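What follows is a single structure, written as structure tokens, with notes after it.
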Protein chains: 2
Amino acid sequence: MPTAIDPSASWKERSDAKKASVLNGIPAEFLHPDLTHSETDRNPVLDIPSKFLSSKELSITALDAVEVISAIAQGTYTAVEVLDAFTHRAAIAHKLLNCCLEFRYQDARVEAEKQDRYFQETGKTVGPLHGLPISVKDQCRIIGTETTCGFVCNIGVPDTETCDLVRILVNAGAVIFVKTSLSIGCLWGETINNVIGRTSNPFNRSFSCGGSSGGEGALLGLHGSPLGVGTDLGGSIRSPSAYQGLWGLRPSSGRIPYYRMLNSMEGNEIVPSVVGPMSHSPHSLELFVKTVINSQPWLHDPHCQPIPWRETVFTEIVEGKPLRIGSMLWDECAFPQPPIRRAIREIEARLKAAGHEIVPWKIDQRTALELLTNAMSCDARDDVDRTMALSGEPDLQLAFSPGRKPLTLLEAWDLTMKRTDFRALVMKRWNATATDDGRGPIDAYITPVNPSVCPMHEDYKRIRYLGYTGSVNLLDFTACTIPVTFVDSQIDLADQQDGRFDAMGLPIPPPVSELDKTIRANYDPERFKGLPVAVQVVGRRLEEEKVLGIARVLHKLLEP
Amino acid sequence: MPTAIDPSASWKERSDAKKASVLNGIPAEFLHPDLTHSETDRNPVLDIPSKFLSSKELSITALDAVEVISAIAQGTYTAVEVLDAFTHRAAIAHKLLNCCLEFRYQDARVEAEKQDRYFQETGKTVGPLHGLPISVKDQCRIIGTETTCGFVCNIGVPDTETCDLVRILVNAGAVIFVKTSLSIGCLWGETINNVIGRTSNPFNRSFSCGGSSGGEGALLGLHGSPLGVGTDLGGSIRSPSAYQGLWGLRPSSGRIPYYRMLNSMEGNEIVPSVVGPMSHSPHSLELFVKTVINSQPWLHDPHCQPIPWRETVFTEIVEGKPLRIGSMLWDECAFPQPPIRRAIREIEARLKAAGHEIVPWKIDQRTALELLTNAMSCDARDDVDRTMALSGEPDLQLAFSPGRKPLTLLEAWDLTMKRTDFRALVMKRWNATATDDGRGPIDAYITPVNPSVCPMHEDYKRIRYLGYTGSVNLLDFTACTIPVTFVDSQIDLADQQDGRFDAMGLPIPPPVSELDKTIRANYDPERFKGLPVAVQVVGRRLEEEKVLGIARVLHKLLEP
């Protein structure tokens, strides 16, 4: 329910009221007063839910989205039982990690009950997502809820419309049960705002959950939701997915409907933000994407492309078609930390062992990042500053674009053309990976999500490097995170101090910049141990079927 | 060949040199010194070529693009014979109408000879467009030619690259033989510039050929080319097609590659310009679209959508699937002149007689036009003025946006959002044409191309109304012109002077504005007689197969 507060109250009053309102939305029996958020505790909180949940709740919340739906459709659990189990676990996640911005329990309960009745009466499900609880980043408009997008000015203002995506999910039987926290205006890679404060990582609460879809990352990381909806302008789905060991898909623009979702810098189309799923298995991502695409979103959202789900492309890959996969371990700007190098090599080895081909691949991420940064800051924060001024909330010193001037229209057009030229150049290089002996160009490439495994709170500003994620946004390629392993302090030893050799004495490229040096030095096996390690697989624009197919192949290859 | 002129010469010297250069590119035997351009002669010049062409040349130039290719592939004519015939006829067209900006005869001849050799040696064609001469609007970059885009500053500057579309056409066997005139920066609905002056309509040279792709319109209208490439930002393919009785397709953005073509206001993506074919039959348009799409342009052009040619959609319609067609005879802003009303009714009647359904349809074109105008003038001519200043060429008083100020970036974003909202609203209304008894929404709608049959030279400024064409651009819908008939001064009588009844005494809606009144009063059966009359069929975004299928159906229904 929306926060009951006079919109003319001070930003602090509104923020305090919102914090209370989030807790108010949680059924009393799921509130455990002893649990509190910490930003310094280094111990994983992953096992804490098991102390509070019933064994049935634990069984339910161990399932991925596909398994949840299947269990309900088989009558093993009711939609209400599933909703209650995930709400309970989400409540614990929120108390521990400060990740939620609204519990929509009362309405969700009514919807789940209705679905159970329908199922009991007809023996049928209402749609492919029957009874599935879904959490959504707080950009998704749902009539009657608040949509803050991380801004205090939106507290206490119930929304008057529902975005296309939520409508599609609900029509398919989903139960939207929680809205999750995000960075201010989705423009920062940590999840921190004046609405509710900072969100932490369940694997180690002294680390960031990432951002901007970090509320989703933290909640899903603690299995407080079987499927979440995030958005990605510079890595905002993929970083939180990587930091919490999740599968997260950044679709290309125009595949999943974004229409009527709230955002900052709306109307800026130089590099579009996209919306996509985050979950515990590639199967769950497929289910989401297929369901949304099968609803023909292009008949409603002007930005959506009329491209149906291409099952044969997907199936061919899942059934073992030999793949040619590019590999970019580093971009000559920021060398990935040891566990990420191990993850890339692991993936390469398993792909090769399975008969697939690995091809060297490189993108000029320096140029990509410069263009992306210019696109993200082309209004010199004008839009964000105006929105923040509406409530008087304080600047959190998140450096979007200090000292810049807004571009003129002609400068923005020039930037748009440079973006297009960059895209064309990369496409040309991609085509050129075809071989003289008739092998086609690479199907996709693997690369780190970030050079850092995960930033500690406060470290992000120092080690922020968006080249690996942001180049994908600039190119509007399709990308999926692949959780590969966890930091093992016995294996993932620190490099030697001179930066020229790894722990085994093998040469590594010397640092190319202060940032590169800082990122390398930031790694510490003892501090980082147990954190998830992920890579991403990247396909061309609008190749969701291909990328999800490869994700499935890698999921299988990575099975212990 | 490019104009041999020092780029530091005055704009007038450069323009004069260009005019001479165009004629220099024509083989001497095709130059007929007695032929001259007139902007006042009212007599059709359609039959003049028959006085100069051989019977073989006349037979060749009577063919549409599909027939040309078939004749070459069957050995009836060689590629060189076809090139010579169309070059001869194009030379006559240019002398009479002032429509060309470059004859590329020497290079084209080498290419045609090479194709003939290949065909003689192998018995095979080099591709689906083997030997087809194609004319292109002077935005298409071809290495070594000039690409003026209507600006004097580009005279004497040979291009250093070839655009994707030309590369695809040439790879498929086409011979690009002529570049055609256009309005300055493609921003005006008549074809007039400081490069070469004004272009006239072959049906009546006191009338405009339309614009901005008017050079194509005039050339094709005189059968000086079997297929032309135009572009369309506010009707620039469709108006010249309508004024010259041609089939012209405005595809949706992202279907036909525009990359590396020259344009004004490049980088402005609020309403994108699109490129498409103009020809003498819908079959020729299909051939063009299929050939281009089958080359997978999305692997090279970042703006292209990965959507293959959907043959089943097309075939289903051509084979007689019952259609539901919306009809908007007028938009309550500008009432179409009598011949256009007759054309719409004729189409409605023939569709109904063939078992298709006609459904009333309306779009708020006032809002659409306001948004489009804002998008087209959002830089307040900044880009055009800068480009014109490079050569010092004079302003022709074409009112793009007098007295406006360039939008700020945030204002441009606001306009972008309004555009998206407008699109979503029309899509909603489109979906709502589905019926309770299970009939799906309309397949497409028919509507005038313009409320005027065609403007006389000098009249355009007074009767300019872009609502019917421009709303399609704003919506990024797919549209094809359908040439229906010709003005018959015995049938298409003027309305009664009070504007409340037509010539038969049947009531018509009273004028709603001065412009509406002026457009109605501009019609004169005697002056207009013999001019082509067209309508357009409009489908949703990226529905080229559907729209081309319906064009084929209408082509058949309109056969005498």
Side-chain angles (χ1 to χ4, degrees), chain A residues 164 252 254 257-260 263-270 296 298-308 310 313 378-380 382-383 386 405-428 430-431 434 441 474-476 540-543, chain B residues 164 252 254 257-260 263-270 296 298-308 310 313 378-380 382-383 386 405-428 430-431 434 441 474-476 540-543:
Chain A
D164 279 21
S252 293
Y258 209 114
Y259 190 56
R260 289 199 191 91
N263 203 356
S264 60
M265 299 173 74
E266 287 184 313
N268 180 6
E269 299 186 340
I270 303 179
Q296 301 188 290
W298 55 84
L299 298 181
H300 306 276
D301 181 337
H303 282 116
C304 276
Q305 309 302 348
I307 303 176
R310 293 161 297 194
V313 174
C378 58
D379 72 336
D382 195 359
D383 182 60
R386 287 180 200 216
K405 274 172 58 178
L407 300 189
T408 65
L409 210 48
L410 258 62
E411 287 168 342
W413 295 351
D414 187 55
L415 178 59
T416 303
M417 284 189 285
K418 284 185 180 147
R419 174 215 63 190
T420 303
D421 286 339
F422 184 85
R423 289 180 178 174
L425 198 68
V426 172
M427 290 163 82
K428 195 173 170 185
W430 190 301
N431 297 334
L474 191 85
L475 293 162
D476 198 20
R540 293 187 198 238
R541 198 167 70 91
L542 294 165
E543 296 206 330
Chain B
D164 279 21
S252 293
Y258 209 114
Y259 190 57
R260 287 197 192 90
N263 203 355
S264 61
M265 299 173 75
E266 287 184 311
N268 180 6
E269 299 186 340
I270 303 178
Q296 300 188 293
W298 56 84
L299 298 180
H300 306 275
D301 181 335
H303 282 117
C304 278
Q305 308 303 349
I307 303 176
R310 293 160 297 193
V313 174
C378 59
D379 73 335
D382 195 0
D383 182 60
R386 287 179 200 216
K405 275 172 58 177
L407 299 189
T408 66
L409 210 48
L410 259 61
E411 287 167 343
W413 294 351
D414 186 55
L415 177 59
T416 304
M417 284 189 285
K418 283 184 180 145
R419 174 215 63 191
T420 303
D421 286 339
F422 183 84
R423 289 180 178 175
L425 198 68
V426 172
M427 290 163 82
K428 196 173 168 183
W430 189 303
N431 297 334
L474 191 86
L475 293 162
D476 198 19
R540 294 188 197 237
R541 199 166 71 91
L542 294 165
E543 295 205 331

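Residue numbers start from 1 in every chain, and the chains themselves are labelled A, B, ... in the order their sequence lines are given, proteins ahead of strands. From a predicted model like this one, the values you see are computed outputs, not experimental measurements. No hydrogens, no waters, no symmetry mates; every other heavy atom, side chains included, goes into these values.
- Residue B/Leu409 forms a side chain to side chain contact (heavy atoms under 4.5 Å, CB included) with just one option from A/Asp383, A/Asp382, A/Leu407, and that option is A/Leu407.
- Contact annotation: the side chain of B/Leu410 approaches that of A/Arg386 to within less than 4.5 Å [non-hydrogen atoms, C-beta and beyond].
- In terms of heavy-atom pairs under 4.5 angstrom with chain B, the leader among A/Ala412, A/Cys378, A/Ser252 is A/Cys378.
- In this structure, the portion of A/Ile307 lying under 4.5 Å from any heavy atom of chain B is its side chain and not its backbone.
- The choice from B/Met417, B/Arg310, B/Glu543, B/Lys428 that makes the most heavy-atom pairs within less than 4.5 Å of chain A is B/Met417.
- The OH atom of B/Tyr259 lies 11.0 Å from the CZ atom of A/Arg423; values are rounded to the nearest 0.5 Å.
- Both the backbone and the side chain of A/Asn268 come within contact range of chain B, each with at least one heavy atom under 4.5 Å from a heavy atom of that chain.
- The backbone N or O of A/Cys304 sits less than 3.5 Å from a side-chain atom of B/Arg541, completing a donor-acceptor pair.
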Check the pair A/Ile270, B/Glu269 against side-chain contact (heavy atoms from CB on, under 4.5 Å), reporting the backbone distance first and the verdict last. CA-CA 9 Å; A/Ile270 303 179; B/Glu269 299 186 340; over 6 Å; no
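- Taking 4.5 Å as the limit, every side-chain heavy atom of A/Thr408 sits out of range of all side-chain heavy atoms of B/Pro406.
- Of the atoms belonging to A/Trp298, it is backbone heavy atoms, and not side-chain ones, that fall under 4.5 Å from chain B.
- In this structure, the side chain of B/Asn431 engages the main chain of A/Leu299 through a donor-acceptor pair within 3.5 Å.
- Using a 4.5 Å heavy-atom threshold, the side chains of B/Trp413 and A/Met265 count as touching.
- Counting all heavy atoms, side chain and backbone alike, A/Pro302 lies closest to B/Ala424 at CG-N, 3.6 Å.
- Between A/Asp301 and B/Met427 there is no side-chain heavy-atom pair separated by less than 4.5 Å.
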